[in-house]
Amino acid sequence: MNNKQNKKKKSFAQWYLIFMIVLLLVDFLVIPLISDAKIEQTSYSEFLTYIDNKKIEEVQIEDNEIYFTVKGDDKTYQTGQMYDPDLVNRLDESGAEFSQTIQQETNPFIYFLVSFILPMVLLWALMRSYMKRISNKMGNDQMTFNQGDGFGFGNLSKSNAKVYEGVKTGITFNDVAGQAEAKENLQEVVDFLKNPKKYEEIGAHLPKGVLLVGPPGTGKTLLAKAVAGEAGVPFFSISGSEFVEMFVGRGAAKVRDLFKQAREKAPCIVFIDEIDTIGKKRDGSGLSGNDEREQTLNQLLAEMDGFDGSKGVVLLAATNRDEILDPALTRPGRFDRRIPVELPDLRGRESILKLHAKKVKMSDDIDFNVIARASAGASGAELANIVNESALLAVRDGRKKVLQKDLEEAIEIVIAGEQKKGAVISTHERLIVSYHEIGHALVAAKCKDTAPVHKITIIPRTKGALGYTMQVEEDQQNLLSKDEIYQRIMVYTAGRCAEELIFGSVTSGASNDIEQATKLARMAITRLGMSDQFGMVALETVNNQYLGGDTSLACSTETATKIDEEVIALVKQAHDDAYRILEDNKMKLHELAKYLYEKETITGDQFMYILNKPVEIAAPQE
């Protein structure tokens with residue numbers, strides 16, 4: 001429905017509201033005021049005085065009220081009626097004309113019907129007639145007045161899908177990087193839409209539904225648009241939340257309308273983003289609060305059964321919570337194919353960075369491999385943000401091109417936030433942070449199975465870190481050995497160890513280190529089977545693996561207690577080993593901490609150079 005029609009409907013609703021308000025004001029305020037202006041209250045004794053003096057001209061008695069006029073006076077007087085059996089005789093003797101009316105109470109239902117329902121029906125009839133004339137005049141077939149569409153708003157049952165005609169999506173597979181396997185799987189869908197006959201000849205049919213599953217920001221929506229762009233067919237895009245309505249049945253009606261439009265424009269692609277909004281497992285509890293969602297899901301299931309895949313209607317959907325989808329939705333015949341869209345690997349990150357760098361003026365000596373290694377675990381959206389942040393940093397420094405240092409700083413901004421250059425930190429605290437960070441770096445350098453140190457800084461960041469040590473893997477790492485996990489725990493505990501060794505006390509600066517060390521130790525014991533006591537037994541399950549990976553124990557209370565004991569023992573052992581390394585290299589710890597304290601930021605190469613040369617300073621004094 002276009003904007004003009006929406007405005008017409010909105011204006012009708014506004015005029016109806018104004019009409020009802022005016023009607024109520026007239027009924028309750030204006031009419032009583034007009035009536036009260038002509039009537040003057042008086043006492044019953046004065047009324048009797050008028051009777052005795054034979055001055056009353058006309059009297060009207062209505063229930064407990066008496067209305068009368070006085071000779072030579074154009075006013076109407078009102079008084080309350082008292083019990084007086086001689087009143088009629090006294091009126092006769094005075095010569096006044098009088099009448100008596102017994103007022104009948106109005107039926108409340110009839111009053112409501114006449115005062116509210118009737119005006120509403122009249123306005124609805126006028127509005128419907130007027131809107132139909134406008135619809136016919138404009139030739140708009142989207143404005144319908146179906147049965148049950150209340151007040152003529154037929155667009156409530158219309159889907160809100162955005163429609164892209166053919167290659168107008170402007171996106172092809174060339175615009176997608178880092179998802180080679182996903183593109184290969186979707187290429188078959190494109191080929192079917194372009195050349196359906198070769199599949200029909202052999203008797204093959206296209207999967208009715210393709211489910212894209214992966215973490216946020218990995219390019220699921222982008223891939224769906226690329227499929228439509230490659231195939232050159234219409235592309236319907238809608239979010240699962242747009243089916244959720246307050247009124248029961250509206251979501252199902254929108255599903256019907258969406259598939260009706262898709263069949264009319266076949267071959268085409270229908271893309272439903274965040275399908276878990278309407279596709280959650282049905283719990284069978286029968287709670288009325290789920291009626292609308294379940295009706296919408298049931299309608300979606302029926303529509304997927306109803307359309308013929310050979311006609312070229314392909315349903316794509318995306319979610320990062322596939323474990324909660326209803327089995328009836330993911331079974332073969334509906335969503336036949338599940339395509340993982342995972343976080344990119346090292347090569348994928350490098351290709352994504354290069355793709356986004358084409359839109360930005362870059363220096364010729366940019367090493368994207370270094371940036372890709374430093375951004376392990378980043379999604380495609382985060383990598384695009386890194387490139388954009390680097391461009392903003394270049395503009396901030398008044399340069400026309402992005403340098404390598406801009407990209408490296410952009411990674412730190414995404415990880416730890418902007419630098420807090422104006423933060424006030426005491427000399428003692430800066431010294432503690434210096435020893436803390438060098439503790440991490442020194443233990444990492446002494447462990448053979450940890451990533452090399454890339455950068456160390458004690459400049460505070462907006463995300464709360466007073467400093468951090470960055471380690472960068474030299475290559476893509478897909479597996480972790482038991483020794484590697486243990487050494488990572490040692491590195492996490494090393495910052496606290498340095499504080500204990502040098503200052504004889506501890507601070508709150510190790511809070512995140514403690515959390516990460518505990519999490520890693522628990523994962524090794526409960527999920528990776530690296531415990532001598534429990535062996536290859538899964539004691540913990542992962543929930544929402546693409547949304548934070550929350551875990552829950554799947555064991556008895558007694559076993560949970562033993563797990564806690566083993567986690568504590570493992571972290572303590574790693575702490576003790578890290579402490580011994582720092583104790584054995586105490587002079588180097590002093591030298592490196594002093595250098596970091598003075599420079600605030602040092603590179604991995606500078607760190608390794610000082611670490612490997614002979615000790616040149618004595619222990620510093622605070």
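All residue numbers refer to positions in the sequence shown, counting from 1.
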State the [atom1]-[atom2] distance between [X] and [Y], to the nearest 0.5 angstrom.
X: L222; Y: K225; atom1: CG; atom2: NZ; value: 8.0 Å
X: I610; Y: L442; atom1: CD1; atom2: CG; value: 11.5 Å
X: D345; Y: N478; atom1: CG; atom2: CG; value: 7.5 Å
X: I459; Y: E600; atom1: CD1; atom2: CD; value: 5.0 Å
X: I458; Y: L431; atom1: CD1; atom2: CG; value: 8.5 Å
X: I438; Y: L589; atom1: CD1; atom2: CG; value: 7.5 Å

Heavy-atom pair with the smallest gap, counting every atom of [X] and [Y]:
X: L582; Y: A498; result: CD1-N, 3.5 Å
X: A410; Y: L393; result: N-CD1, 3.9 Å
X: S375; Y: I386; result: CB-CD1, 4.3 Å
X: H440; Y: V491; result: ND1-O, 2.6 Å
X: T493; Y: A578; result: OG1-CB, 3.7 Å
X: Y597; Y: R430; result: O-NH2, 3.1 Å

Would you say [X]'s side chain and [Y]'s backbone share a donor-acceptor pair under 3.5 angstrom?
X: D326; Y: A328; answer: yes
X: Q471; Y: A451; answer: yes
X: Q404; Y: D367; answer: yes
X: E389; Y: V414; answer: no
X: D397; Y: A394; answer: no
X: K446; Y: I581; answer: no
X: D577; Y: A574; answer: no
X: K220; Y: L211; answer: no
X: H454; Y: G604; answer: no
X: T601; Y: T457; answer: no

Side-chain touch [X]/[Y], heavy atoms, less than 4.5 angstrom:
X: M608; Y: V453; value: no
X: S379; Y: L343; value: yes
X: R461; Y: Q419; value: yes
X: T518; Y: I514; value: yes
X: K254; Y: T296; value: no
X: F235; Y: V227; value: no
X: E409; Y: D406; value: no
X: R527; Y: T551; value: yes

I'd like to know if [X] pairs up with [Y] as an ion pair, taking the criterion as any Lys NZ or Arg NE/NH1/NH2 lying under 4.0 Å from an Asp or Glu carboxylate oxygen.
X: R349; Y: E473; result: no
X: E591; Y: K588; result: yes
X: R496; Y: D513; result: no
X: E408; Y: K455; result: no
X: R488; Y: D449; result: no
X: K448; Y: D483; result: no

Stepwise salt bridge (Lys or Arg N to Asp or Glu O under 4.0 Å) check, D475 with R373: CA-CA 7 Å; D475 204 350; R373 287 191 285 112; over 6 Å; no
For a side chain to side chain donor-acceptor pair (under 3.5 Å) check, start with the C-alpha distance between T469 and E437, then their side-chain angles and the critical distance, and finish with the verdict. CA-CA 6 Å; T469 300; E437 297 305 331; 2.9 Å; yes
Intermediate values then yes/no, side chain to side chain donor-acceptor pair (under 3.5 Å), D365 and S363: CA-CA 6 Å; D365 58 350; S363 176; 2.5 Å; yes
In residues 269-278, what donor-acceptor pairs under 3.5 Å come from side-chain atoms, sequence neighbours left out?
| from | atom 1 | to | atom 2 | distance (Å) |
| --- | --- | --- | --- | --- |
| D273 | OD2 | T221 | OG1 | 3.4 |
| D276 | OD1 | T319 | OG1 | 2.7 |
| T277 | OG1 | E274 | O | 3.0 |

Side chain to side chain contact (heavy atoms under 4.5 Å, CB included) between L325 and F335: does it pass, once the steps are laid out? CA-CA 11 Å; L325 293 180; F335 280 105; over 6 Å; no
Test log, rule side chain to side chain contact (heavy atoms under 4.5 Å, CB included), inputs K183 and E230: CA-CA 11 Å; K183 287 198 292 185; E230 289 283 340; over 6 Å; no
Residues V213, R338; criterion side chain to side chain contact (heavy atoms under 4.5 Å, CB included); working and verdict: CA-CA 7 Å; V213 180; R338 179 185 181 278; 3.5 Å; yes
V567 vs I525, side chain to side chain contact (heavy atoms under 4.5 Å, CB included): CA-CA, chis, key distance, verdict: CA-CA 7 Å; V567 169; I525 293 168; 3.7 Å; yes
Can you confirm whether E181 is buried at CD, in the sense that more than 12 heavy atoms of other residues, nucleotides or ligands lie under 6.0 Å from that atom?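 No, the 6.0 Å shell around CD holds no more than 12 heavy atoms from other groups.
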If you count heavy atoms of other groups shown closer than 6.0 angstrom to CD of E598, is the number above 12?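 More than 12 within 6.0 Å, yes.
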Taking side-chain hydrogen bond (donor to acceptor under 3.5 Å, both in side chains) as the test, write out the residues that go with R347, two or more places apart.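 Not a single residue meets the side-chain hydrogen bond (donor to acceptor under 3.5 Å, both in side chains) criterion with R347.
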